[in-house]
Amino acid sequence: MCDLELKGIRKLYDGVARPVIPSLDLTIGARQMVVLVGPSGCGKSTTLRMVAGLEEPTAGTILIDGRDVTHLPPAERDIAMVFQSYALYPHMTVFENMAFGLRIKNVAEAEIKRRVVTVAQSLGLEPYLERRPKALSGGQRQRVAIGRAVVRQPKVFLFDEPLSNLDAKLRGDMRREIARIHQSSQATAMYVTHDQIEAMTLADQIVVLKDGVVQQIGTPVEIYEQPANRFVAGFFGTPTMNFLSADLAQTGEQHAARGPGFEIPLALSPSLRPAQSAVDRIVVGIRPERLSLEKRGGEVSLSGAVAMREVLGAEVVLHLESDAGPLTVRTDAGSAPRPGDTVQVWLDPRAIHVFHGQTEVRL
Ligand SMILES: Nc1ncnc2c1ncn2[C@@H]1O[C@H](COP(=O)(O)OP(=O)(O)O)[C@@H](O)[C@H]1O
Ligand SMILES: [Mg+2]
């Protein structure tokens, strides 16, 4: 039962003006799967490599199970890492690749065999134990890389975009495999990806990173339903959330978002109102699945012309041009209008997200 803690972690690469990670604090509870997600270059691998001991932090402390490992070599940290590139030894068989870490730790031969065979069975690798990596498919290689980490029974698993080199179908299968392994191993895991779907489906907690700075930490549902700022709101969800620029209008106690072709009543929490006296511009966010072509009551309407229609099978995504700007609507395939049609879309004011016009934080 192990937790992982990063305290004031900073990373400044030599010869680079700005730190990749200015100051990062993060606690990962025992047995949790934490997914670090953000765009390419935001510092995810750097963070993971510091936890692994492959990169030295410029400042700060890393604790595994309460033990300061900041300056320990990787082998003494009780971690196992899975890389995007698999990083298998090409001259070794699958068995030897999986056994290697245990040999180094002087685990008894019978125990090595028992663990490798058990894990190979669970990953469907038993028929391939005597093969070399080059005689395996990409998906099989990635299984070996995962198996090699699992046999070591580490305190902490580290995954760096382990599925990025696989095709979409295999990625889904392996994602479920990793979830299963995590559930049965009960180990703590830190998983890095740029893929919002992987983050949503795998994480107990998601950490959203941008330019080395944490934007939000929360469960997948919290991140989706209560995004802390416009960046997080736009990062999660397909198609992307709609954003409408608006004025914050006030009539007595009632607030509204007012923009070209729309006025949406806002239920702002009373505690937020004083701070908003300084706010005049806001951004209204609405997810494409929360816009409807049918009026259900109590809603606000916007009208727009259908510019494009993307058929996804059961659903259709409509791209509209409206006075308020472009709008994306997710709707049933059967009911979807055609390009050139002018349509009314309805939104429930309770389903919107409101962000500060300048700082972009959630209001
Ligand atoms: N060894 C290095 N020296 C200098 N800059 C680096 C080094 N490694 C990574 N970087 C830079 O640090 C930033 C973050 O990189 P990285 O952690 O790999 O991002 P991510 O994994 O989120 O895509 C990038 O701008 C990258 O170019
Ligand atoms: Mg990376």
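The figures here come from the full heavy-atom set of this structure, side chains too, leaving out hydrogens, waters and symmetry mates. Both counts, for ligands and for their atoms, begin at 1 and track the order of listing.
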Quiz item: Which ligand 1 atoms does Ser40 reach within 4.0 Å, using its non-hydrogen atoms?
Solution: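 It comes down to these atoms of ligand 1: 23 (O).
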Quiz item: Just which atoms of ligand 1 are under 4.0 Å from any heavy atom in Ser45?
Solution: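 So the answer, numbered in order with elements, is 17 (O), 18 (O), 20 (P), 21 (O).
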Exercise. Taking atom 27 (O) of ligand 1 as the reference point, report whether a protein heavy atom occurs under 4.0 Å from it.
Key: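 Flag for atom 27 (O) of ligand 1 set to false, no protein heavy atom closer than 4.0 Å.
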Quiz item: What do you think, any protein heavy atom under 4.0 angstrom from atom 14 (C) of ligand 1?
Solution: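 Under 4.0 Å from atom 14 (C) of ligand 1, at least one protein heavy atom found.
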Quiz item: Would you say the side chain of Arg281 lies within less than 4.5 Å of the side chain of Asp247, judging by non-hydrogen atoms?
Solution: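 In contact.
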Check for a donor-acceptor pair, side chain of [X] on one end and backbone N or O of [Y] on the other, with a separation under 3.5 Å.
X      : Y      : result
Gln140 : Ser137 : yes
Asn97  : Tyr89  : yes
Glu360 : Phe355 : no
Gln216 : Ala228 : yes

Practice problem: Ignoring angles and geometry beyond distance, decide whether Val16 reaches within less than 3.5 Å of ligand 1 through its nitrogen or oxygen atoms. | Solution: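 In fact, backbone or side chain, Val16 has no N or O that close.
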Quiz item: Can you find an N/O atom of Val20 closer than 3.5 Å to an N/O atom of ligand 1?
Solution: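 Looking only at distances, the answer is no, because the N/O contact criterion of under 3.5 Å is not met.
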Exercise. Establish, from distance only, whether the side-chain atoms of Gln142 and Asn165 form a donor-acceptor pair under 3.5 Å.
Key: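 Absent: no donor and acceptor within the cut-off.
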Quiz item: Would Asp68 and Thr70 count as having a side-chain donor-acceptor pair, cut-off 3.5 Å?
Solution: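 There is such a pair between these side chains.
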Practice problem: Check Arg176, Arg175, Arg171 against Asp173 for a salt bridge (Lys or Arg N to Asp or Glu O under 4.0 Å) and give me the one that passes. | Solution: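 Testing each of Arg176, Arg175, Arg171 against Asp173, the sole residue satisfying salt bridge (Lys or Arg N to Asp or Glu O under 4.0 Å) is Arg176.
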Quiz item: Could you give the distance from CZ (Arg49) to CE (Met81), rounded to the nearest 0.5 Å?
Solution: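 Going from CZ on Arg49 over to CE on Met81, the span is 6.0 Å.
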Looking at [atom], what's its closest protein heavy atom, distance included?
atom                    : value
atom 23 (O) of ligand 1 : Gly41 N, 2.6 Å
atom 10 (N) of ligand 1 : Tyr13 CE1, 3.3 Å
atom 16 (P) of ligand 1 : Thr46 OG1, 3.6 Å

Practice problem: Tell me the protein N, O or S atoms under 2.8 Å from the Mg ion (ligand 2), in chain and number order. | Solution: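 Protein N, O or S atoms closer than 2.8 Å to the Mg ion (ligand 2): Ser45 OG.
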Self-check item: Given Leu125, Val119, Val82, the one that forms side chain to side chain contact (heavy atoms under 4.5 Å, CB included) with Ile146
Solution: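 Output: one option passes, namely Val82.
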